[in-house]
Number of protein chains: 2
Amino acid sequence: MTLAEKAYVSLRKDIVEGSFAPESPLRLADLSERYGMGFSPLREALNRLQAERLVTAESLRGFRVSSRSLAEFEDALNARLLIETEALRLSIARGDDAWEASVVAALYALRRQARREDGDVDELKTRHHAFHRALLAACGSDWLMDFFERLYAATERYRIPALTAAGPQKRDIDAEHGAIADAVLSRDAALAEQLLRDHYLRTAATIRSGMAAA
Amino acid sequence: MTLAEKAYVSLRKDIVEGSFAPESPLRLADLSERYGMGFSPLREALNRLQAERLVTAESLRGFRVSSRSLAEFEDALNARLLIETEALRLSIARGDDAWEASVVAALYALRRQARREDGDVDELKTRHHAFHRALLAACGSDWLMDFFERLYAATERYRIPALTAAGPQKRDIDAEHGAIADAVLSRDAALAEQLLRDHYLRTAATIRSGMAAA
DNA sequence: AATTCGATAATTTTCGAAAATCTGACATGG
DNA sequence: CCATGTCAGATTTTCGAAAATTATCGAATT
């Protein structure tokens, strides 16, 4: 892996996880010291992240972490619902046995990690992402999967700070995931879409109250 | 405008218009000579284009123009239908008087340019793009507009070579645009969606036969 | 007191060269 | 004849410094 790719992965992670505050400037000198590399690979990474809307750039004034607002969250969430319900429908229509197996496997891996008391939070997030990706993976559209990844990263930026602010949850997220998987495996597209939609709307409600609290 | 931004605009145009063949390597030395700048701004532009899927990159093996295939075109077209019908629906529901006026203006400008015998093809394409953007512009979603721009560029790569190969058209595209605008201005969302869908499906049919001929 | 101007510092942007890596040809051994 | 290793050339990637631009601060002016 080249330095530029490492810079891209690290920066993306740090932005999504909130290590850099929204709107804070991303100065090359600071980043260079933080990640131990020159300007070139950093600029490459920043340009890619700009195209993904995680950072903004102004000519000759450098880069900043993109702003965060309730309106932008709502926008990203609505786009997600549009993209993911369509992708899920396609996936259910087109997925084969191997796809079903991958959904089962992803759910299993997610649950296993969720039940570990000593669990690594990073690993849990990775598996959560993997489960949601597995649901859509058979949709057959590179563009929809691309949009899914973008929107997932964009909304993930809100999930983390909001959830800590909102306190303990009353939801049984594990059960929601299980219900979605069941509907998918029985190829009930309408039910699966409805459950996925509800799943996101519930998360959105939590995040809204979390942002209001923060 | 910085050199990197110029490089981005130029490269994007040259790729979309087909000045570089799909899959052809984009060597830094060549590009440096062609555009009269060093490697740094070119790499920045290429990285942004990579995030937009117009170019692909392989570690330590440089950049290539993304491939072109009927399957990828169909994928982009279907994504476009999903995104644009939704954006159009929202636009019709939310657009105000100023938006209506901008649609009328964009259609007028497009028609004016289309009727000029000595017309600049570049200008016509710009206005065509502007008209379709104006239709959706009141949707209120940055993400949907972002996806629209990406998909427009992706499909534009197919429109140009296919149309020249397919020969003269029997369609009255001007009338199709007019009908869409009429439906939009009368706020008939269902009709507008249907007309937009038909408009794209007809273009898609032309492109399919054009690709088959080529 | 507020504003403008100029000099200095900080920062981004760009270049040119060095380092790292890949490609293809050629020789060598099985 | 085929496989394998090696070397030179081509290409990408990275660095460090130079160039260009913006930001900051104090003095002069209104």
Side-chain angles (χ1 to χ4, degrees), chain A residues 1-16 18-68 146 149 157, chain B residues 1-16 18-68 146 149 157:
Chain A
M1 189 151 72
T2 64
L3 280 179
E5 289 169 315
K6 283 187 194 132
Y8 170 75
V9 172
S10 306
L11 264 170
R12 194 173 204 273
K13 180 169 152 64
D14 285 344
I15 290 171
V16 170
S19 302
F20 297 118
E23 316 241 27
S24 64
L26 295 164
R27 294 224 179 74
L28 287 167
D30 299 344
L31 299 178
S32 176
E33 195 192 2
R34 177 181 177 117
Y35 298 112
M37 56 183 73
F39 290 177
S40 311
L42 289 169
R43 285 187 69 82
E44 292 207 17
L46 289 166
N47 273 291
R48 288 177 61 182
L49 292 167
Q50 183 193 2
E52 294 187 13
R53 302 185 39 164
L54 286 172
V55 316
T56 60
E58 248 183 312
S59 239
L60 296 172
R61 250 170 263 188
F63 299 87
R64 301 179 157 277
V65 180
S66 292
S67 62
R68 228 169 28 191
D146 198 73
E149 296 294 346
R157 290 184 70 207
Chain B
M1 188 153 71
T2 64
L3 281 179
E5 289 169 314
K6 284 187 193 132
Y8 170 76
V9 172
S10 306
L11 263 171
R12 195 173 203 272
K13 181 168 150 68
D14 285 344
I15 290 171
V16 170
S19 303
F20 299 117
E23 316 242 26
S24 64
L26 295 163
R27 294 224 178 73
L28 288 166
D30 299 344
L31 298 178
S32 176
E33 195 191 3
R34 177 180 178 118
Y35 298 112
M37 56 183 73
F39 290 176
S40 309
L42 289 169
R43 287 185 68 83
E44 292 206 18
L46 289 166
N47 273 291
R48 288 177 61 181
L49 293 167
Q50 182 193 2
E52 294 186 13
R53 300 185 39 157
L54 285 173
V55 316
T56 59
E58 249 184 310
S59 239
L60 296 172
R61 251 172 261 189
F63 299 87
R64 301 177 156 278
V65 180
S66 292
S67 61
R68 230 169 27 192
D146 198 73
E149 296 294 346
R157 291 184 70 208

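Quick note on labels: first sequence line is chain A, next is B, and so on, each numbered from 1. Keep in mind that what you see is a predicted model, and the values were worked out from it rather than measured.
- Looking at heavy-atom distances under 4.0 Å, A:Leu28 makes contact with a base.
- Rounded to a whole Å, the OH atom of B:Tyr35 is 16 Å from the P atom of C:dT14.
- DNA chain D is contacted by both A:Arg61 and A:Met1; A:Met1 maps to the nucleotide lying nearer its 5′ end (nearest heavy atom per residue).
- Straight-line distance from the CG atom of B:Leu60 to the C1' atom of D:dT14: 11 Å, rounded to whole Å.
- Place A:Glu5 and A:Ser59 on DNA chain D by their nearest nucleotides, and A:Glu5 ends up nearer the 5' end.
- Between B:Tyr8 and the choices B:Arg12, B:Glu5, B:Lys6, the side-chain hydrogen bond (donor to acceptor under 3.5 Å, both in side chains) rule is met once, by B:Arg12.
- Under the 3.5 Å distance criterion, the side-chain polar atoms of A:Arg157 are left unmatched by any main-chain donor or acceptor of A:Arg68.
- For the atom pair CZ (B:Phe63) and CG (B:Asn47), the distance works out to 4.5 Å, reported to the nearest 0.5 Å.
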What nitrogen or oxygen pairs link the protein and nucleotides 15-19 of chain D at under 3.5 Å?
| from | atom 1 | to | atom 2 | distance (Å) |
| --- | --- | --- | --- | --- |
| D:dC15 | OP2 | A:Gly38 | N | 2.8 |
| D:dC15 | N4 | A:Ser40 | OG | 3.2 |

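- One interatomic measurement links the two molecules: CG of A:Leu46 to C1' of C:dT12, which rounds to 12 Å at whole-angstrom precision.
- How far CG of A:Leu31 is from CZ of A:Phe20: 5.5 Å, rounded to the nearest 0.5 Å.
- Checking the phosphate oxygens (OP1, OP2) of D:dA10, no side-chain nitrogen or oxygen of B:Arg27 falls inside 4.0 Å.
- The shortest distance between the side-chain N/O atoms of B:Arg43 and the OP1/OP2 oxygens of D:dT13 is below 4.0 Å.
- Distance CD (B:Glu58) to C1' (C:dC22): 11 Å, rounded to an integer number of Å.
- One interatomic measurement links the two molecules: CG of B:Leu42 to P of D:dT14, which rounds to 16 Å at whole-angstrom precision.
- Note that the CG atom of A:Leu26 and the CG atom of A:Leu42 stand 10.0 Å from one another [nearest 0.5 Å].
- Here the CZ-OG distance, from B:Arg43 to B:Ser32, works out to 12.5 Å after rounding to the nearest 0.5 Å.
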